[in-house]
Amino acid sequence: MKKVLEVKNIRKVIRDNEILKGISLSVEEGDFISIIGVSGSGKSTLMYIMGLLDEPTEGEVLFEGVRVDFKNHRLLSEIRNRKIGFVFQFHYLIPELSAAENVMVPMLKTQKSRKDALKRAFSLLAELGLRGKENRKPYELSGGEQQRVAIARALANDPHILMADEPTGNLDSKNTEIVMDIFLALNRMGRTILMVTHEIELARRTKKMVEMRDGVVVGIR
């Protein structure tokens, strides 16, 4: 199976505090990997490095077999926008824009025409159960609906990998189930997913669980 993403001997030190202590991990095409661990274990720091949002102190990151140059900010930005879709605990939707316009934002950054971007935005929102709500502002949507808009936005440019950092951490049990079902369905269709979560029951539904403690991987199952 083709490796989408790989980290080798990653260390992250912040003000003499070693957050990550030599982690190696690979993500293959079609994987659904959850990273679990208590608060402070380093799981979100690892995801930010794997998502090219942060630079490791030591070690290397390979995206689709090519070593990432963290000094090449233009290339980093292009990979993040075109090949990685991000979903965070807080949706970070632009409040002045409608649901569809929020989904369009990453597409317009790639010079996609407004007409084509709008068409895809409506299609993605419909697939995620938001047909008829495309023109609503974020404040007119429930928390679960806002997170589904964020998922649609993450999928806008058909990324090679979807990364989710505590995507259900701000949701009630009903909306947690809806969001998790969406991720599972996306994975069944071939989408590669890497998810950080503190909810062990969600992690058990993924294909592989990576457990972290004190900046190291202590188990993979």
Side-chain angles (χ1 to χ4, degrees), residues 1 4-5 25-39 41-48 50-51 53 83-93 99-100 102-103 106 120-134 136 138 141-213 217-221:
M1 200 61 92
V4 178
L5 183 60
L25 184 66
S26 62
V27 182
E28 296 183 340
E29 220 170 46
D31 266 346
F32 188 173
I33 298 176
S34 54
I35 302 176
I36 61 171
V38 299
S39 179
S41 60
K43 56 188 186 297
S44 289
T45 300
L46 177 60
M47 172 164 282
Y48 272 60
M50 295 181 79
L53 293 167
K83 297 186 178 183
I84 304 175
F86 295 98
V87 181
F88 300 100
Q89 179 175 349
F90 301 100
H91 48 75
Y92 297 118
L93 300 177
N102 268 282
V103 177
R120 177 156 174 77
F122 268 64
S123 175
L124 284 168
L125 290 169
E127 288 175 19
L128 296 178
L130 294 172
R131 188 186 302 277
K133 300 185 179 182
E134 299 90 349
R136 293 191 184 181
L141 300 169
S142 71
E145 289 170 340
Q146 290 175 35
Q147 193 64 307
R148 278 184 273 164
V149 174
I151 294 170
R153 180 182 58 190
L155 295 170
N157 286 329
D158 194 22
H160 297 194
I161 183 170
L162 185 64
M163 294 195 174
D165 187 10
E166 298 283 8
T168 62
N170 219 29
L171 302 178
D172 59 23
S173 57
K174 178 183 177 182
N175 281 298
T176 291
E177 192 66 23
I178 290 171
V179 167
M180 191 61 188
D181 285 344
I182 288 169
F183 285 142
L184 290 167
L186 288 168
N187 181 246
R188 284 194 295 271
M189 292 186 287
R191 184 77 57 184
T192 305
I193 303 174
L194 181 65
M195 178 180 73
V196 163
T197 183
H198 65 275
E199 300 182 65
I200 188 67
E201 292 306 317
L202 297 184
R204 286 185 176 133
R205 296 169 69 184
T206 65
K207 290 180 177 177
K208 187 185 299 180
M209 283 195 300
V210 176
E211 184 177 1
M212 291 185 64
R213 187 181 305 140
V217 171
V218 294
I220 298 177
R221 45 196 159 137

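- Crowding of R213 atom CZ: a count of heavy atoms from other residues, nucleotides or ligands under 6.0 Å not exceeding 12.
- The shortest distance between side-chain heavy atoms of R131 and L125 does not fall below 4.5 Å.
- Of all heavy-atom pairs between T197 and A203, the closest is CG2-CB, 4.1 Å.
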Can you check side-chain contact (heavy atoms from CB on, under 4.5 Å) on L194 and F32, steps first, answer last?
-> CA-CA 6 Å; L194 181 65; F32 188 173; over 6 Å; no
Step-by-step side-chain contact (heavy atoms from CB on, under 4.5 Å) determination, F122 to V103 = CA-CA 9 Å; F122 268 64; V103 177; over 6 Å; no
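- For the pair T168 (side chain) and L171 (backbone), a donor-acceptor distance under 3.5 Å is absent.
- Here R205 does not pair with E199 in a salt bridge; the nearest charged N to carboxylate O distance is not below 4.0 Å.
- When all heavy atoms of I193 and F183 are compared, the closest pair comes out as CD1-O, 3.3 Å.
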Trace of the side-chain contact (heavy atoms from CB on, under 4.5 Å) decision for D31 with K208 = CA-CA 8 Å; D31 266 346; K208 187 185 299 180; 4.1 Å; yes
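- The distance from atom CE of M50 to atom CG of L5, rounded to the nearest 0.5 Å, is 4.0 Å.
- To the nearest 0.5 Å, atoms CE (M195) and CG (D165) are separated by 10.5 Å.
- Counting heavy atoms from C-beta outward, L130 and E145 have side chains that approach closer than 4.5 Å.
- In this structure, L25 CG and M47 CE are separated by 10.0 Å, a value rounded to the nearest 0.5 Å.
- Between the side chain of K43 and the main chain of I35, no donor-acceptor pair closer than 3.5 Å is present.
- With E211 contributing its side chain and I36 its backbone, the two residues share no donor-acceptor pair below 3.5 Å.
- Looking at K207, its side chain never comes within 3.5 Å of a backbone N or O of S34 through a donor-acceptor pair.
- Smallest separation of non-hydrogen atoms from S44 and V196: OG-CG1, 4.0 Å.
- Put simply, CG on L184 and CE on M189 are 11.0 Å apart, with the number rounded to the nearest 0.5 Å.
- Distance NZ/K133 to OG/S142: 6.5 Å, rounded to 0.5 Å.
- Checked by atom type and distance alone, the side chain of E127 never pairs as donor or acceptor with a backbone atom of L124 at under 3.5 Å.
- The shortest heavy-atom contact between M180 and T206 is CE-CG2, 3.9 Å.
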Using a 3.5 Å cut-off and no angle test, enumerate the donor-acceptor pairs between side-chain atoms of residues 150-164 and protein atoms at least two apart in sequence or in another chain.
residue, atom, partner, partner atom, Å
R153, NH1, Y92, O, 3.0
R153, NH2, H91, O, 2.6
N157, ND2, N81, O, 3.0
N157, ND2, P106, O, 3.0
D158, OD1, R191, NH1, 3.0
D158, OD1, R191, NH2, 3.1
H160, ND1, E64, OE2, 2.2

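- Nearest heavy-atom pair across V217 and M212 is CG2-CG, 4.3 Å.
- Put simply, CD1 on I33 and OG on S26 are 7.0 Å apart, with the number rounded to the nearest 0.5 Å.
- Judged purely by atom type and a 3.5 angstrom limit, Q147 uses its side chain to pair as donor or acceptor with the backbone of P167.
- Across every non-hydrogen atom of E201 and R204, the tightest pair is OE2-NH1, 2.7 Å.
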